[in-house]
Amino acid sequence: MSRRVQPMDNRSLAETFEVIADLLEIQGEIIHKILAYRRAAESIRGLSRPAADLWGAGELRTISGVGEAIAGKIDELMRTGKLDFFEKLKRQVPVTLVDVLRVGDVGPKKAARFWKELGITSLPQLEAAARAGKLRSMAGMGERSEARLLESIAAWKARQSTRVSIARARPVAASLLDRLRHLPGVAAAEPAGSLRRWRETVGDIDLLVAADKPRAVIEAFLAFSEIERVRGRGDTKASVVLANGLPVQLWVHPPAHFGTALQYATGSQAHNVRLRELAQERGMSLSEHGFKLKDGRTAECGREEDVYAQLGLPWIAPELREDRGEIQAALDGRLPGLVTADDIRGELHAHSDWSDGAVSLEQMAEAAAGAGLEYLVITDHSKSLGVANGLTPERVRKQRKEIEALQRRLGSRLRLLHGTEVEVLADGALDFDDEVLAAFDLVTASVHSSLRQSRPRVTERMIAAIRHPHVDIIGHLTGRMIGSRDPADLDLEAVFQAAAEQGVALEINAHPERLDLNEAHARRATEVGCLLAINTDAHRPEHLSLREYGLGIARRAWVTPANVVNSWPVEQVLRWARGHAG
DNA sequence: GCCGTTTTCGGCCCGACTGTTTTCAGTCG
């Protein structure tokens with residue numbers, strides 16, 4: 001067997017180019033070359049399939065921002081696992097300096113001066129020098145800069161991980177927005193940034209307020225009790241850190257140009273750059289204040305729709321604004337009609353107290369009806385999942401009787417269906433016999449254990465489940481738990497192919513700790529032709545509202561309702577469940 | 001380093017805030 005280098009994954013590849021950009025910037029290379037590396041890194045990070053596949057197919061140049069030189073570097077990394085250019089660069093600039101850049105208020109220019117003038121090559125050295133008062137000896141640095149830097153280092157350490165789950169940030173933002181809306185003179189207050197784009201994690205909370213007297217709003221905001229530290233404040237914006245450690249940015253703009261301001265504050269930065277380039281091509285200059293026209297006048301936009309219209313574009317949903325082809329799609333009139341909360345008619349994955357759910361069948365049914373759903377599939381666990389009180393075939397039969405009785409009481413308010421979340425056992429077999437499975441209205445198959453099997457084994461196991469004639473949906477495909485459990489090492493291309501062939505749907509599990517499929521997987525699955533289900537995996541009534549996080553993933557993955565089985569009428573779902581199996 | 005119905009060469013988004021500044025560079029989003 002020949003020894004082969006494991007092809008680099010997208011994330012490592014992107015990180016490599018990001019570090020290259022940082023080192024070049026410290027070295028004083030021209031900014032546009034640096035931005036080219038960053039743009040390529042961003043594109044690679046956002047790819048829906050492994051760059052290794054594109055490399056194998058000779059299609060690296062189809063990646064936006066990847067030209068001849070970077071394609072050559074990717075090729076070298078894929079073939080040898082190393083990059084000569086990078087190794088040489090690291091001998092010229094200490095690579096530990098990139099940590100220094102992660103600290104706020106330190107950019108490439110200062111990092112280079114710390115290194116060249118004081119011999120500082122790492123973050124601990126920088127901190128020690130600041131404490132010893134050695135930085136103020138440098139031109140342009142004073143005591144205040146030194147103190148501010150120490151604060152930044154402390155904040156960076158306290159945060160450790162620089163991003164938090166959107167599910168943690170959303171309620172905090174909602175509470176701040178509610179209070180901002182009640183301030184005098186405030187016409188509107190909206191979330192912006194990655195929060196509005198529904199990224200899985202956010203680095204800070206960006207908020208935008210419309211008011212004619214920005215200063216007064218900023219003053220009032222800075223008095224909010226949950227603010228621990230003010231990092232900056234001006235006439236139109238303020239930057240603070242809350243007591244819970246979350247950074248918050250507030251922008252305040254007059255209602256007259258709220259549209260351009262909201263567009264700007266929503267980002268992403270890459271999307272904004274593209275949009276501003278487009279404005280330039282059209283002979284205008286776009287900023288948060290409006291469009292500067294050739295004749296010197298400024299065209300203000302009160303609504304975001306007007307910003308895009310000024311450029312001849314339809315409004316682009318925030319979830320798409322990542323510079324992943326959305327602007328070209330808008331120019332070509334082929335933006336996807338994204339799935340919305342209103343499209344969702346039913347929940348296909350929910351538990352009751354028959355297994356590990358918190359409430360009775362009736363309470364779940366009432367909650368689903370109350371949430372406006374047309375149908376609910378109860379999918380309690382199967383017998384092998386002992387920790388979750390999985391059902392035996394005998395209890396399955398009893399549960400069906402109870403569901404039938406409950407359906408009679410519910411009448412036309414809700415269609416209640418009997419499903420299962422059946423275990424995919426370690427060998428790929430299912431935890432119920434065919435006869436038991438055949439009686440369910442809908443079968444979701446999931447993996448909860450033996451997630452660490454080798455790639456070939458776990459892939460084969462998953463494909464066996466997909467090919468099982470009674471399986472309709474694969475639940476939380478990779479099994480990852482954000483921050484606590486790694487995803488199974490699946491060959492996703494093979495899994496997506498099998499699911500598409502069988503007409504089996506893949507779940508986007510909306511629970512904020514899962515979000516599985518993630519957005520890249522969901523986009524690739526859609527490209528391959530897979531059906532999806534946006535489910536909450538509700539274990540109690542309140543969980544039904546978690547669907548918005550799954551919708552965020554789906555929308556960021558360019559998913560339209562046609563691909564989402566639980567946007568279909570119940571009869572269509574049942575026809576599909578009976579008919580797709582191969 | 002990338003890219004192209006104004007270009008294969010000459011461009012590459014725009015403005016606010018900070019600190020140390022007599023006019024601006026650096027950083028950030």
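Note that these values count all heavy atoms, side chains included, but never hydrogens, waters or copies made by symmetry. Owing to the predicted nature of the structure, the values given are computational and were not obtained by experimental measurement.
A salt bridge is defined here as a Lys NZ or Arg NE, NH1 or NH2 lying under 4.0 Å from an Asp or Glu carboxylate O, and A:R199 with A:E519 fails to meet this definition.
Comparing B:dG1, B:dC14, B:dG29 by their closest approach to the side chain of A:Q249 singles out B:dG29. Here the nucleotide nearest the side chain of A:R148, chosen from B:dT18, B:dC13, B:dG1, is B:dT18.
The side chain of A:R144 places an N or O atom within less than 4.0 Å of a non-bridging phosphate oxygen (OP1 or OP2) of B:dG19. Taking only side-chain nitrogens and oxygens, A:S285 comes nearer than 4.0 Å to OP1 or OP2 of B:dC14.
Within the nucleic acid shown, A:E25 has no heavy atom closer than 4.0 Å to any nucleic acid atom. Residue contacts for A:Q269: at a heavy-atom cut-off of 4.0 Å it reaches a base atom on one of the strands shown. Residue A:D235 is in sugar-phosphate contact alone, with no base atom involved, counting any heavy-atom pair closer than 4.0 Å across all strands shown. Among the atoms of the strands shown, none is found under 4.0 Å from any heavy atom of A:E281. Across all strands shown, A:G104 has heavy atoms under 4.0 Å from sugar-phosphate atoms exclusively, and none from any base.
Rounded to a whole angstrom, the distance from the P atom of B:dG15 to that of B:dT21 is 28 Å. B:dT8 sits 16 Å from B:dC12 when the C1' atoms are compared, rounded to a whole Å.
For the pair A:R38 CZ and B:dC2 C1', the computed distance is 15 Å after rounding to whole Å. A straight line from CG of A:L262 to C1' of B:dG29 spans 15 Å, rounded to a whole angstrom.
In this model, a donor atom of one side chain and an acceptor atom of the other lie less than 3.5 Å apart for A:T201 and A:R163. Under 3.5 Å, the side chains of A:Q280 and A:S285 contain no donor-acceptor pair of N or O atoms.
The cationic atom of A:K73 (NZ for Lys, CZ for Arg) does not lie both less than 6.0 Å from the six-membered ring centre of A:F86 and within 45° of the ring axis.
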